[in-house]
Amino acid sequence: MVETTISVIKADIGSLAGHVIVPDFILEFARKEMKEAAEKKIINDFYVTHAGDDLELIMTHFKGEDNEEIHKLAWDTFMKCAEMGREHKIYAAGQDLLSDTFSGNVKGMGPGSAEMTITERKSEPIAIFMADKTDPGAFNYPLFRIFADPFNTAGLVIDPNLHGGFSFVIQDIKKEIPCFIEMKCPAEMYDVLALLGSTSRYTIKKVYRNDGMITASVSTDKLHMVAGKYVGKDDPVAIVRAHSGLPAMGEVLEAFTLPHLVAGWMRGSHVGPLMPVAIKDSRCTRFDGPPRVIGLGFQVCNGSLVGPVDLFEDVAFDITRQRAMEIADYLRRIGPFEPGHRLEEASMEYTTLPRVLDKCAARFSEEEIVPEDKSKDTSGSAE
Ligand code: F6R
Ligand code: MG
Ligand code: MG
């Protein structure tokens, strides 16, 4: 039995014309680095792409999760790409790389990572979702629907192999030391929703079938927790297995047909619809958004990646995109107001807003302030 690890490690190392896309020459350079690593047998296979301004390294290997060599490869690749970006004065070059020195794992250093070790089935279809201008809580809604909602996933009702349900490993991402809880669906569904509804605090880390089979993995890295200030959103990635006793690929994708509202968008400070797009449309433009997600489908074969297929490059998602743009248009009109568009004050803690509010703070008075009334002073007027 082949035990293959899929590691998706990503970072915003700089982008073209603002926070829009990773330039082609950086993608090409990253591919060259990955190819060399495959030739040296550090990894078995790879695919390099971008979700907006995030460089995405999809790697397969036999070294397990949290492997130092794999994480170092990703880190070194990001560092070299950032350096190349700096030479070309690419915008925000090196943005997510919060340290100069690698310390064994990319966790806590800026990049985001989702990893999963699988015993390959006879056929192993997977989907990799990569989002831009949002945060890990963005995957709570679709992953819950995929693995726990029978109105989304017909197999939960129809297929005896799914009938036993799935369990969610949920992380409290507000805790500095990672803190997890495991909850089973359908038995604990209401408790699961009580947590997952708080998308800024509780995010799905992993999903298992209730017999213990790993089925999904999500990046939960929070940049501001590391940097102590806003340095871009923690644009998340997720790996999802499909079929043969798991939700079908169509059921997995069905969960993205509602452009649900996520935190992120402009300056990481707004609520916006998550719009599923083809890679060609993976470029956040309007008000730096709206937040977007791409999906690539692969077959994993003896540690290699066969594919991909661009899963959202389909007219079937046109209606979702149309709806997303209508929601985006509506929300934009609310401008700087909460609720609705701008995030609530607590979530703005790591943005630049507190600096503005600090300036106002000294001018607050316990007495109600009444401006001097000059309107009745008519001396010198024509009357
Ligand atoms: C969101 C994001 C952008 C920037 C915005 C301001 O994750 O990266 O929306 O926050 O474009 O960018 P700066 O501060 O670089 O001028
Ligand atoms: Mg950026
Ligand atoms: Mg990004």
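Counting starts at 1 for both ligands and their atoms, in listed order.
Counting heavy atoms under 4.0 Å from ligand 1, residue W265 touches it through the backbone alone. Within the 4.0 Å heavy-atom criterion, both parts of R267, backbone and side chain, lie near ligand 1.
Restricting D54 to its N, O or S atoms, the one at the least distance from the Mg ion (ligand 3) is OD2. Atom OD2 is the N/O/S atom of D235 found closest to the Mg ion (ligand 3). When the Mg ion (ligand 3) is compared with the N/O/S atoms of D132, atom OD1 turns out nearest. D12 has its closest N, O or S atom to the Mg ion (ligand 2) at the position named OD2.
When rounded to 10 degrees, the angle formed at the Mg ion (ligand 2) by ND1 (H19) and OD2 (D53) equals 110°.
For Y330, the OH atom sits in a loose shell: 12 or fewer heavy atoms of surrounding residues, nucleotides or ligands are nearer than 6.0 Å.
Side-chain contact between H71 and F102 is present, with heavy atoms from C-beta onward closer than 4.5 Å. In this structure the side chain of Q299 reaches within 4.5 angstrom of the side chain of S123, judged on heavy atoms.
A salt bridge is defined here as a Lys NZ or Arg NE, NH1 or NH2 lying under 4.0 Å from an Asp or Glu carboxylate O, and D310 with K280 fails to meet this definition.
In this structure, R342 forms no cation-pi arrangement with F337, as its terminal cationic atom is not both closer than 6.0 Å to the ring centre and no more than 45° off the ring axis.
Contact between T119 and R241 at its shortest, heavy atoms only, is O-NH2, 3.3 Å.
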- Task: Go through the steps to decide whether V48 and E28 satisfy the test side-chain contact (heavy atoms from CB on, under 4.5 Å), and finish with yes or no.
- Result: CA-CA 9 Å; V48 174; E28 279 315 315; over 6 Å; no
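Some N or O of H19 is nearer than 3.5 Å to an N or O of ligand 1, by distance alone. Checked against a 3.5 angstrom limit, the closest N/O atoms of Y91 and ligand 1 fall inside it.
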